[in-house]
Amino acid sequence: MIRVRFAPSPTGYLHVGGARTALFDWLFAKKNGGKFILRIEDTDTERSTKESEHSIVNDLKWCGLTWDEGPDVGGEYGPYRQSERVEKGIYQPYVDKLVSIQRAYYAIYDKEDMKKIVKKTFSSQEATLYKEKGHSVTVNFMVEEGKTIFHDLAKGKMEFDNSTFDDIVIVKSNGYPTYNFAVVVDDHLMKITHVVRGEDHLTNTPKQIMIYKALGWKLPVFMHIPLILGPDKSPLSKRHGGTSVSYFRNYGITSKAFVNYLALLGWGRKEEIFDPFKEIKEFELEKISKKPSIFDYSKLEWINGQHLRKMPLDEVMEEFKKWALINAKESLSWLEDEEYAQKVFEICRQKVNTLKVLYEFSYPFFCEEPPFEEKAREILKNECAPKCLGIAKENLSKLDEWSIENIEDKIREIALREDISKKKFFQVLRVALLGKTVTPGLFESIYVLGKARTIQRLSIVMKRI
RNA sequence: GCCCUCAUCGUCUAGCGGUCUAGGACACCGGCCUUUCACGCCGGCGGCUGGGGUUCGAAUCCCCAUGAGGGCGCCA
């Protein structure tokens with residue numbers, strides 16, 4: 001049974017790199033009929049927060065990454081929060097064992113110089129004595145001479161000279177295990193078979209392997225996948241425009257598109273628009289690109305647009321509602337007329353790439369009186385505007401069958417008959433009806449608005465100018 | 001400074017010794033469509049980091065250099 005874990009530390013939001021790692025972990029587990037496990041690595045008591053854990057869990061779920069075992073759903077190998085594992089004393093026996101076989105020692109630090117070790121001992125009584133006298137004490141793993149060699153699924157044979165490492169602190173002076181120790185114990189106890197994580201962990205691996213060996217444990221398979229960088233090849237950061245999953249969600253990216261893009265980053269495919277969750281069988285860890293990839297915001301937007309146009313309309317509605325609930329200032333009562341809303345979204349989604357822009361496009365359709373842009377007001381100042389609106393109103397109200405074709409024919413006919421330039425006429429109408437210079441097609445828009453709304457809006461604007 | 005990793009258009013990638021005058025996608029530029037903006041369609045620009053080998057033959061294999069990224073915490 002393949003068992004893979006994603007092990008974030010709750011010290012911030014979920015980063016796109018983390019999301020991608022989690023996605024690959026998930027895909028690999030599922031492809032092999034294995035389990036995907038979420039473990040919270042909160043041994044940093046200073047920086048870990050519950051809020052952060054919630055937001056990470058929330059973002060993971062938004063991506064569609066669900067876990068078989070984890071802090072909220074439980075599982076055979078729990079608890080799945082390291083802080084709770086500390087409380088249960090899970091790590092202690094292994095610390096004791098390493099000390100008893102003299103592979104780890106208590107390090108006593110100078111009271112003034114916290115960096116300076118004044119004594120090393122294998123006796124816990126002695127360590128306790130020093131602690132009582134106010135010294136900081138850690139447990140350190142002894143690095144032996146020699147080489148640590150392992151096989152990385154992405155990098156191949158990895159060889160490290162142990163002399164490049166200092167002894168490894170495995171228990172902090174506050175009694176908490178350190179990362180390098182806790183992962184080993186937990187991955188072993190949780191029967192993790194494959195450790196797939198970011199490349200930033202590559203040089204931690206030999207340290208962890210030394211601990212595995214000292215404890216006499218079998219190694220999992222390791223694989224380190226490259227990191228995601230910003231457009232200038234520096235690590236992706238806020239100054240590039242946003243790095244968290246929640247940032248993209250609020251920006252109006254759908255989770256389908258987001259996960260699609262993440263998967264594409266490093267996973268070469270002919271068909272670029274796809275649902276990674278449906279292509280599990282095609283996924284191969286070994287084929288993931290070895291080089292760090294640069295996060296391309298514009299391609300993400302393009303992919304999102306493709307999804308918006310391809311997905312069933314009711315799914316667009318669902319996605320939109322979820323987005324608007326958090327991001328739209330106005331209440332969503334205007335979406336209650338489902339039939340009307342669907343029509344609006346159908347014509348709007350053809351021209352937008354994000355839910356946010358979809359909102360901006362569709363909003364004027366739902367207002368009593370749409371707000372007018374500055375440019376729109378100028379167009380209405382045009383001397384022929386009153387005439388245009390009057391004729392349009394008169395003719396449209398007389399239109400029997402309200403169809404796109406009829407609307408178009410009528411309006412074109414007017415323009416021709418009255419000798420008004422189409423460009424001018426159409427812009428005046430567009431702006432009068434929707435308050436914006438950029439909208440979906442004019443005739444579709446009029447059709448979707450319906451006769452009553454159209455006439456009403458024209459009347460209102462005519463009174464105003 | 002030391003250790004590790006990586007290297008094809010601006011970006012993501014295909015390529016795994018001859019089929020490469022290097023293919024696709026995004027972006028960019030031009031055209032078509034056209035009522036705005038998009039979508040869509042057509043076309044263009046643009047790349048094997050450099051130097052040595054190996055080989056009849058190298059984007060593909062080896063070495064070196066360079067560049068980029070990571071690590072060297074009682075952070076994870």
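Protein chains get the first letters and strands the later ones, always in sequence-line order, with residue 1 at the start of each.
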Axial cation check for A:Y130 ring with A:K133, 6.0 Å and 45° limits: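 Cation-pi check for A:K133 and A:Y130: passes.
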
For [N] versus [M], give the span between their [atom1] atoms, rounded off to a whole number of Å.
| N | M | atom1 | result |
| --- | --- | --- | --- |
| B:C48 | B:G43 | C1' | 25 Å |
| B:G1 | B:U54 | C1' | 35 Å |
| B:C3 | B:U60 | C1' | 29 Å |
| B:C28 | B:G10 | C1' | 9 Å |
| B:U8 | B:G15 | P | 14 Å |
| B:A7 | B:C42 | P | 33 Å |
| B:G50 | B:A59 | C1' | 14 Å |
| B:U55 | B:A68 | P | 35 Å |

Quick one: which of B:C26, B:U5, B:C74 gets closest to the side chain of A:S136?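 Of B:C26, B:U5, B:C74, B:C74 is nearest to the side chain of A:S136.
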
Can you identify which nucleotide, out of B:C74, B:C12, B:U36, has its nearest atom closest to the A:R430 side chain?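 Nearest nucleotide to the side chain: B:U36.
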
Ring pair (Phe, Tyr, Trp, His ring centres under 6.0 Å) with A:W26: which of A:F277, A:W67, A:F6?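 Exactly one pass, corresponding to A:F277.
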
At less than 4.0 Å, is any side-chain N or O atom of [X] found next to OP1 or OP2 of [N]? Yes or no.
| X | N | value |
| --- | --- | --- |
| A:K424 | B:U36 | no |
| A:T203 | B:U5 | no |
| A:K291 | B:C12 | yes |
| A:S289 | B:U13 | yes |
| A:Q306 | B:G40 | yes |

So which heavy atom on A:G441 is nearest to which on A:K351, and how close?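 Looking at all heavy atoms of both residues, the shortest contact is N-NZ, 4.1 Å.
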
Side-chain donor or acceptor of [X] under 3.5 Å from a matching atom on the base of [N]?
| X | N | result |
| --- | --- | --- |
| A:N204 | B:A76 | yes |
| A:S173 | B:C74 | yes |
| A:K351 | B:C37 | yes |

Rounded distance (Å) that lies between atom P of B:C12 and atom NZ of A:K233: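 Going from A:K233 (NZ) to B:C12 (P), I get 6 Å.
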
Residue mapping more 5' on RNA chain B - nearest nucleotide basis, A:T138 or A:D232: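 It is A:D232 whose nearest nucleotide is closer to the 5' end.
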
Find which nucleotide of RNA chain B each of A:E159 and A:F443 is nearest to by heavy atoms, and output the residue with the more 5' nucleotide.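 Result of the comparison: A:E159.
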
Lys/Arg N to Asp/Glu carboxylate O, A:E346 vs A:K343, below 4.0 Å: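 A:K343 and A:E346: not salt-bridged.
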
Do A:Y359 and A:F366 have ring centroids that are under 6.0 Å from one another?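 Ring centres of A:Y359 and A:F366 not closer than 6.0 Å.
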
Residue pairs, two or more places apart or on separate chains, that pass salt bridge (Lys or Arg N to Asp or Glu O under 4.0 Å) and touch residues 164-174 of chain A: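 Sorted result for residues 164-174 of chain A: empty, none.
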
Please work out if [X] contacts a base, only the sugar-phosphate, or nothing of the nucleic acid, heavy-atom cut-off 4.0 Å.
| X | answer |
| --- | --- |
| A:P440 | base |
| A:Q82 | nothing |
| A:S293 | sugar-phosphate |
| A:T439 | base |
| A:L442 | base |
| A:G266 | sugar-phosphate |

B:G44 - base-pair partner by Watson-Crick or wobble geometry, distances under 3.5 Å: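 Base-paired to B:C28.
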
Show your reasoning for whether side-chain contact (heavy atoms from CB on, under 4.5 Å) applies to A:E319 and A:L308. CA-CA 9 Å; A:E319 291 283 350; A:L308 244 28; 5.8 Å; no

